[in-house]
Amino acid sequence: MSFKKLFFSFLIGGLVLALAACGSNDSSESNGNAGAEGETRVFKIAHVVQENHVWNVTAEKFGEELRKLSDGRFDIEIHPASTLGTEADMVQQLETGAIDFGFMTNAYMSTRQDSLNAWFMPYLFSSIEEAIALRESEPAKQMLEELNSQGLVGLDFMFAGNRHVLMTDGFAKSPADLKGKKIRIIGSPAMQSYWEKVGAGPTAMPLSEVYTSLQTGVIDGIDIDLDALVTEKYYEVAKYLTLTNQMTFPTVIVMSKQVYDSLSPEDQEMIRTALKNAVDWGVQEAIKREESNLQTLKDAGVEVLENINTSAFQTVTDEVRNEFSEKSDIIKAFIEEAESNK
């Protein structure tokens with residue numbers, strides 16, 4: 001074979017091998033893309049409560065609904081009990097899209113948005129059922145819409161029950177019983193104002209410090225919902241529970257606006273539907289837990305005072321409602337709607 005023929009044989013062989021390699025790479029890339037499209041997208045959810053709390057089980061229910069409606073395309077990953085940081089940290093991560101969903105306490109969110117203090121107007125709801133009835137009211141929807149300015153999409157409210165008072169020594173029948181007492185509260189403008197006007201010493205502290213603070217006498221009592229009282233086991237170190245119903249306690253369920261806006265309108269609607277289904281289920285679970293948690297506490301030896309006369313708190317109630325109604329027309333409208341529903 002001549003040199004020229006040998007050269008052309010090598011050249012043609014090299015081109016064939018190169019084309020085969022390109023074909024192989026194209027096929028590989030195509031399969032990779034198909035695999036990526038078929039993968040499940042996992043959304044991160046963060047909150048501050050324990051895994052057996054009603055908010056967490058509602059988040060789990062949301063995951064079930066989302067998997068079902070998306071035919072397995074979407075799933076969730078829950079990070080409970082402040083494992084991703086404080087609520088301030090969580091909001092920062094929501095703003096950047098590092099977290100997809102937050103079940104945020106209304107207390108913390110009320111420090112960022114005045115209208116959310118509406119849920120903490122004193123003695124607005126005598127039961128959790130009354131609070132739940134306001135979940136889809138027009139003022140409540142306006143509260144959620146206002147969150148857009150914070151890089152969040154407000155989706156819904158979920159409840160843990162009404163707030164009561166657990167103390168280490170005695171009941172809380174009137175402001176006189178609370179005067180000078182150090183009461184742990186979760187930081188919120190409306191809660192702070194209420195407890196100051198009652199004459200107590202409101203003390204904000206994280207949940208992780210409450211058990212020891214009750215045990216050692218750093219605080220005299222706590223403002224608490226029954227679900228947190230049971231799941232955090234505070235009844236082990238304080239035995240006097242007064243069912244005051246002074247406020248309700250929602251979580252504000254939010255989504256990162258950055259993440260929400262990246263989804264198709266169809267997927268956005270799917271998420272809203274899945275969450276509504278979960279919360280519809282969750283509020284019924286919360287109602288059942290009010291009864292079962294109360295029985296758990298009684299069985300544990302907690303002294304329970306029910307059906308107190310709230311007239312002793314009327315002056316404080318009026319002062320707080322007037323104070324916050326002046327700050328927000330939404331709060332004023334919310335109070336009026338709640339009162340008209342009674």
Side-chain angles (χ1 to χ4, degrees), residues 42-67 74-113 116 119-120 128 131-132 135-136 140 143-144 146-148 150-163 186-188 206-208 224-228 230-232 247-260 271-287 289:
V42 179
F43 294 107
K44 286 185 180 179
I45 300 177
H47 59 68
V48 301
V49 297
Q50 299 297 326
E51 291 182 29
N52 53 348
H53 191 277
V54 70
W55 294 352
N56 189 76
V57 297
T58 300
E60 292 174 341
K61 182 68 173 176
F62 171 50
E64 292 176 18
E65 293 291 324
L66 198 55
R67 286 189 292 274
F74 293 155
D75 204 347
I76 64 164
E77 178 182 285
I78 303 175
H79 298 265
S82 302
T83 51
L84 295 185
T86 65
E87 291 195 284
D89 296 329
M90 292 177 202
V91 170
Q92 280 190 326
Q93 292 172 77
L94 282 160
E95 289 169 342
T96 62
I99 295 175
D100 303 292
F101 294 91
F103 279 49
M104 313 300 297
T105 65
N106 188 74
Y108 173 71
M109 295 305 294
S110 71
T111 68
R112 301 174 60 98
Q113 181 176 300
L116 291 170
W119 291 103
F120 296 148
I128 185 176
I132 290 167
R135 169 185 154 213
E136 297 188 71
M143 295 175 211
L144 294 175
E146 283 192 336
L147 290 166
N148 283 325
Q150 300 192 43
L152 305 172
V153 177
L155 295 172
D156 212 332
F157 295 100
M158 173 60 202
F159 300 82
N162 281 1
R163 306 294 283 187
I186 184 168
S188 159
L207 279 177
S208 59
I224 193 77
D225 63 88
L226 298 186
D227 211 53
V230 170
T231 57
E232 300 288 344
M247 295 169 187
T248 196
F249 198 61
T251 176
V252 189
I253 305 174
V254 297
M255 186 175 184
S256 166
K257 192 172 189 304
Q258 181 173 312
V259 175
Y260 184 84
I271 282 170
R272 288 183 176 274
T273 300
L275 186 65
K276 184 180 185 306
N277 292 346
V279 176
D280 286 347
W281 173 88
V283 294
Q284 296 306 311
E285 178 69 12
I287 291 169
R289 285 188 178 214

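Fair warning: this is a prediction, and the values are worked out from it, not measured in the lab.
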Below 4.5 Å, heavy atoms only, C-beta onward: do [X] and [Y] meet side chain to side chain?
{"X": "Phe159", "Y": "Arg135", "result": "yes"}
{"X": "Ile186", "Y": "Arg163", "result": "yes"}
{"X": "Phe101", "Y": "Ile76", "result": "no"}
{"X": "Gln150", "Y": "Val254", "result": "no"}
{"X": "Thr105", "Y": "Trp55", "result": "yes"}
{"X": "Tyr108", "Y": "Val48", "result": "no"}
{"X": "Leu84", "Y": "Ile99", "result": "yes"}
{"X": "Met158", "Y": "Glu285", "result": "no"}

side-chain contact (heavy atoms from CB on, under 4.5 Å) assessment of Ile132 paired with Ile287 = CA-CA 9 Å; Ile132 290 167; Ile287 291 169; 3.9 Å; yes
Give a yes or no answer on whether the side chain of [X] reaches the backbone of [Y] with a donor-acceptor pair at less than 3.5 Å.
{"X": "Asp89", "Y": "Thr86", "result": "yes"}
{"X": "Ser256", "Y": "Asp100", "result": "no"}
{"X": "Gln258", "Y": "Thr96", "result": "yes"}
{"X": "Asp225", "Y": "Phe249", "result": "no"}

Could you give the distance from [atom1] ([X]) to [atom2] ([Y]), rounded to the nearest 0.5 Å?
{"X": "Leu275", "Y": "Asp280", "atom1": "CG", "atom2": "CG", "answer": "9.5 Å"}
{"X": "Lys61", "Y": "Trp281", "atom1": "NZ", "atom2": "CH2", "answer": "6.5 Å"}
{"X": "Thr251", "Y": "Asn56", "atom1": "OG1", "atom2": "CG", "answer": "11.0 Å"}
{"X": "Gln50", "Y": "Thr231", "atom1": "CD", "atom2": "OG1", "answer": "6.5 Å"}
{"X": "Ile271", "Y": "Leu155", "atom1": "CD1", "atom2": "CG", "answer": "8.0 Å"}
{"X": "Ser188", "Y": "Leu116", "atom1": "OG", "atom2": "CG", "answer": "9.5 Å"}

Give the C-alpha distance, both sets of side-chain angles, the deciding distance and a yes or no for side-chain contact (heavy atoms from CB on, under 4.5 Å) between Leu94 and Met104.
-> CA-CA 11 Å; Leu94 282 160; Met104 313 300 297; 4.2 Å; yes
Charged N to carboxylate O below 4.0 Å: is that the case for Arg67 and Asp75?
-> yes
Using every non-hydrogen atom in the two residues, find where [X] and [Y] come nearest and quote the distance to one decimal.
{"X": "His53", "Y": "Ala160", "answer": "CE1-CB, 3.6 Å"}
{"X": "Ala131", "Y": "Thr248", "answer": "CB-OG1, 3.4 Å"}
{"X": "Ser82", "Y": "Met90", "answer": "CA-CE, 3.8 Å"}

How about Glu51: does its CD atom have over 12 heavy atoms from other parts shown lying under 6.0 Å from it?
-> no
Test side-chain contact (heavy atoms from CB on, under 4.5 Å) applied to Ile78 and His47, step by step = CA-CA 8 Å; Ile78 303 175; His47 59 68; 3.7 Å; yes
Parallel, tilted or perpendicular: which describes the rings of Phe157 and Trp119, with under 30° parallel and over 60° perpendicular?
->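 Answer is tilted, since the angle falls between 30° and 60°.
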I would like to know whether Val91 and Glu87 meet side-chain contact (heavy atoms from CB on, under 4.5 Å); could you show each step before the answer?
-> CA-CA 6 Å; Val91 170; Glu87 291 195 284; 5.6 Å; no
